[in-house]
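Notes for the one structure printed next.
Residue numbering restarts at 1 for every chain, and letters A, B, ... go by the order of the sequence lines. Since the structure is predicted, the reported quantities are computational estimates derived from the model, not experimental observations.
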There are 2 protein chains.
Amino acid sequence: MVARRATVRDMRRSNRSVLLSKIYLDGPLSRHELTQLTSLSPASVSTLVAEFIEEGLVEEAGSVESDGGRPRVLLRAAPGFGHVIGVDVGETRVTVELFDMSMAALGKADHPIERATLAPEMMVGHVLDGIGAVIAQSGVNAEAILGMGIAVPGVVDQGDDGLVHAQSLGWDGVPLRAMLRAGSSIPIHMDNGAKTLGQAEMWFGAGRGVDHVVTALVGSGVGASVVAEGASYRGARSSAGEWGHTTIMYGGRLCRCGARGCLEAYVGAEGILDRFREANRGKAAEGIDEESAIGAMIADADSGASRAAEVVLSETVGYLGAGIATLVNLFNPERIVLGGWAGLALGGRWLPEIRAAAAEHALRRPFEQVSIELCQLGPDAVALGAATLPVAALLANGGVRARAESPRPLRISGL
Amino acid sequence: MVARRATVRDMRRSNRSVLLSKIYLDGPLSRHELTQLTSLSPASVSTLVAEFIEEGLVEEAGSVESDGGRPRVLLRAAPGFGHVIGVDVGETRVTVELFDMSMAALGKADHPIERATLAPEMMVGHVLDGIGAVIAQSGVNAEAILGMGIAVPGVVDQGDDGLVHAQSLGWDGVPLRAMLRAGSSIPIHMDNGAKTLGQAEMWFGAGRGVDHVVTALVGSGVGASVVAEGASYRGARSSAGEWGHTTIMYGGRLCRCGARGCLEAYVGAEGILDRFREANRGKAAEGIDEESAIGAMIADADSGASRAAEVVLSETVGYLGAGIATLVNLFNPERIVLGGWAGLALGGRWLPEIRAAAAEHALRRPFEQVSIELCQLGPDAVALGAATLPVAALLANGGVRARAESPRPLRISGL
DNA sequence: AGACTTATTTCATATCATAAACTGGATCTG
DNA sequence: CAGATCCAGTTTATGATATGAAATAAGTCT
């Protein structure tokens with residue numbers, strides 16, 4: 001609501017951003033189409049496009065035949081303008097991927113992590129190694145890397161040091177951005193993994209072209225990424241969307257967060273398996289990990305081999321529907337995208353039932369206005385989503401690169 | 001994220017808006033202070049302020065002595081620049097109030113409503129009568145009325161017709177804006193009553209100066225108004241913030257919305273009284289209406305006269321805390337403002353307990369970042385909040401009045 | 001070949017924020 | 001009490017910008 005002051009330069013930047021975003025996200029488009037889509041004048045489109053081409057941001061991409069008239073020249077964002085890196089810092093591995101501007105993958109490095117070595121310094125080492133590896137693999141000029149996006153399984157304070165709070169890694173206030181900056185001059189963008197996955201779905205998956213989307217992620221943990229009016233909803237301190245710990249059964253099952261009755265305690269993988277064991281006279285589901293155990297449950301429920309699995313999963317669908325209804329009622333989105341490996345497993349089999357359960361618990365009107373869909377990109381899109389962060393920053397800035405910083409020695413602040 | 005194209009005119013409007021909003025919301029201020037607060041240049045501030053004074057939007061308000069230097073001249077929004085009307089369309093009455101720009105009340109008209117006469121045509125009649133009455137009372141020039149804000153107990157589609165969906169009035173798609181426009185040339189702004197109350201608290205109450213606020217309203221109904229980054233969070237179709245029908249007890253009490261386990265069924269006035277009756281061996285709380293009945297319960301719980309009241313209210317505090325925790329986890333606000341008559345009654349007595357219950361169910365970090373406070377303006381601020389809508393529109397538009405429309409005959413669209 | 005159609009570019013113009021220079025209005029100092 | 005000093009606010013010249021209108025480019029159609 002309270003806008004900032006504007007100068008003619010801001011105007012230029014804003015218009016460049018509008019135009020470049022259209023070309024990048026909806027291209028290829030002709031100058032003529034761009035004037036209509038952006039409501040900029042033909043003169044301005046012409047001038048700005050000329051700038052973009054001059055700068056290498058945009059290139060011509062053939063033309064469209066006309067039926068009596070000058071043919072339109074199509075424009076697209078130049079895939080080779082620069083490269084971006086996406087990093088998925090997970091609980092079990094670090095994945096680093098390098099993309100060109102069209103998000104075509106040019107290199108990938110994977111590093112499994114043992115539980116014992118979650119120390120931030122180790123993690124930073126893995127990330128930097130991975131970056132070196134993908135640059136070497138792809139042979140791109142390190143100067144041409146616009147930035148890297150880091151997805152972490154926790155909350156990121158968007159301050160200068162990029163403090164990360166991630167319970168699952170045992171991190172509480174780790175200055176990850178500052179630590180990475182000490183080892184690399186590539187501009188760093190950071191966000192929560194659920195939010196980057198949501199971002200990937202917004203640009204390339206089930207959220208394309210929609211402005212109000214909540215991506216609901218169900219795996220071992222349960223979280224959500226909220227996009228409103230095309231922009232990520234972060235809240236005051238970037239921790240919005242903690243869907244897994246909303247109370248759905250007051251006084252109910254104990255959650256690993258310490259509270260009772262959290263959604264995660266019912267629809268998170270661990271919660272499902274615990275409930276199954278209880279329903280199955282103490283006998284756990286078979287599988288070497290959570291994912292295969294839940295896969296086995298679904299198969300057994302489907303084949304009728306396990307009544308307990310059938311009951312527990314059917315209850316899970318109910319809880320999940322109620323949880324989705326909470327999102328619908330509070331955020332009033334146009335679309336709910338259900339993802340995460342457990343969400344995909346459940347949704348792949350029972351999406352209509354999940355929709356019905358949500359309908360039961362949501363208000364009629366907002367429910368009628370929402371469509372509930374499955375994730376399209378799969379759980380590995382976290383790094384892809386992370387890599388969109390520097391691209392999003394470039395677009396928001398009208399195509400002007402953030403200046404690369406020289407590596408800054410890590411300074412311990414405070415005390 | 002996707003900004004719109006900008007012209008020099010937009011820039012001017014935006015800068016006027018920034019400057020005027022500062023003067024209105026934080027004034028009186030000197031030109032010098034304004035340059036620092038808005039980061040506009042002294043030259044621009046000078047020019048724009050001169051325009052505002054010329055147009056009557058702003059006036060000088062004394063000066064501040066200096067210690068060796070030219071004294072600063074203070075500026076404030078001119079209270080007499082125009083007038084605004086706020087209308088609270090409630091389930092039991094229609095209240096119309098007229099204010100000057102400083103939100104000083106200059107006239108008020110109240111019209112009780114019998115349950116039988118909720119027909120939209122009647123309601124429109126009451127509103128128009130009320131407007132005539134407050135204009136006559138206050139003696140202001142009808143031309144000088146900038147606009148009216150209408151608060152309704154339901155969802156408002158922000159389209160041209162201003163369709164209103166209000167279950168409690170039995171309205172489903174009533175084109176209230178179009179109907180009012182047929183009887184008045186004053187520009188019309190509409191919103192949900194909870195949202196206008198939240199808006200009032202943002203400007204003049206417990207939400208002042210905070211950018212991320214959720215106002216939680218507990219009365220007969222239960223709802224919330226979400227403000228993020230200083231702007232109302234509406235969702236895709238303006239129905240965001242339906243907190244009352246989030247599931248807090250899966251499979252629990254039947255709510256009047258038809259679902260089971262809604263928060264409203266536990267902490268809404270009716271839910272509290274129902275639960276008390278059940279706990280009190282079928283004997284209801286005493287009082288001619290819900291408000292006095294709950295007042296009596298609180299008094300009895302306090303004095304130890306009723307163990308049942310004590311238990312039920314203590315449980316209510318728990319449910320309310322869990323509901324608030326859901327808001328904290330999902331929206332990550334800086335402040336929760338608890339209001340509504342029942343919310344104030346409960347909060348007035350048990351605010352520390354409510355905070356503690358919220359702490360139990362919220363994640364530690366977001367809970368530490370939020371302060372939970374009581375509403376400051378009371379439930380009658382709905383009309384005041386509604387009246388801020390035209391002022392907000394004026395500020396957003398840089399002080400340029402929406403042109404008054406000539407009354408447009410009501411056209412039934414469709415069919 | 002000439003008419004026509006549509007896309008894009010060029011050019012003159014008006015709007016705007018701003019830096020820098022300047023003026024206004026007060027206190028302080030010797 | 002003169003003038004030095006300090007700070008608030010105003011004026012002026014400048015450069016950046018989007019745009020409407022006119023011109024041009026690049027085709028098809030007859």
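If you measure from atom CG of A/Asp10 to atom P of C/dT18, you get 9 Å, rounded to the nearest angstrom. With rounding to whole Å, B/Leu75 atom CG is found 9 Å from D/dT10 atom P. Rounded to whole Å, the distance from CZ on B/Arg12 to P on D/dT17 is 18 Å. The distance between atom CG of A/Leu34 and atom P of C/dT6, rounded to the nearest whole Å, is 19 Å. Note: CZ (B/Arg13) to P (C/dC16) measures 11 Å, nearest angstrom. Taking atom CE on A/Met11 and atom C1' on D/dG15, their separation rounds to 12 Å, with Å as the unit. Rounded to an integer number of Å, the gap from A/Arg31 CZ to D/dA26 C1' is 13 Å. Here the C1' atom of nucleotide D/dT10 and the CD atom of B/Glu54 are 16 Å apart, to the nearest Å.
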Polar pairs (N or O, both sides) under 3.5 Å between protein and nucleotides 27-30 of chain D?
residue	atom	partner	partner atom	Å
D/dT28	O4'	A/Gly68	N	3.3

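Between B/Thr196 and B/Gln199, the side chains place no donor N or O within less than 3.5 Å of an acceptor N or O (distance only, hydrogens not considered). Side-chain contact, A/Ser41 with A/Ser44: a donor N or O sits under 3.5 Å from an acceptor N or O.
Two residues, A/Val8 and A/Glu60, neighbour DNA chain C, and the one matched to the more 5' nucleotide by heavy-atom proximity is A/Glu60. Nearest-nucleotide assignment on DNA chain D puts the 5′-proximal partner with B/His32, out of B/His32 and A/Ser39.
Using a 4.0 Å cut-off between a side-chain N of Lys or Arg and a carboxylate O of Asp or Glu, A/Arg16 and A/Glu51 qualify as a salt bridge. A salt bridge links A/Asp191 to A/Arg234: one of the charged nitrogens lies within less than 4.0 Å of a carboxylate oxygen. The pair A/Glu60-A/Arg31 meets the salt-bridge criterion, since a charged nitrogen lies less than 4.0 angstrom from a carboxylate oxygen. A salt bridge does not link A/Asp26 with A/Arg76: every distance from a Lys NZ or Arg NE/NH1/NH2 to an Asp or Glu carboxylate oxygen is 4.0 Å or more. The pair A/Arg181-A/Asp160 meets the salt-bridge criterion, since a charged nitrogen lies less than 4.0 angstrom from a carboxylate oxygen.
Picking from D/dA16, C/dT18, C/dT8 the nucleotide with the shortest atom distance to the side chain of A/Arg9 gives D/dA16.
Among residues at least two apart or in separate chains, there is no salt bridge (charged side-chain N to carboxylate O under 4.0 Å, His left out) pair with a member in residues 386-396 of chain B.
Only B/Ala43, B/Ser44, listed by number, bring a heavy atom of residues 42-53 of chain B to less than 4.0 angstrom from any atom of DNA chain C.
Note on A/Asn15: every side-chain N or O is 4.0 Å or more away from OP1 and OP2 of D/dT17. The side chain of A/Arg72 contributes no N or O atom lying less than 4.0 Å from OP1 or OP2 of D/dA26.
Nearest heavy atoms, B/Gly82 versus B/Leu146: CA-CG, 4.3 Å.
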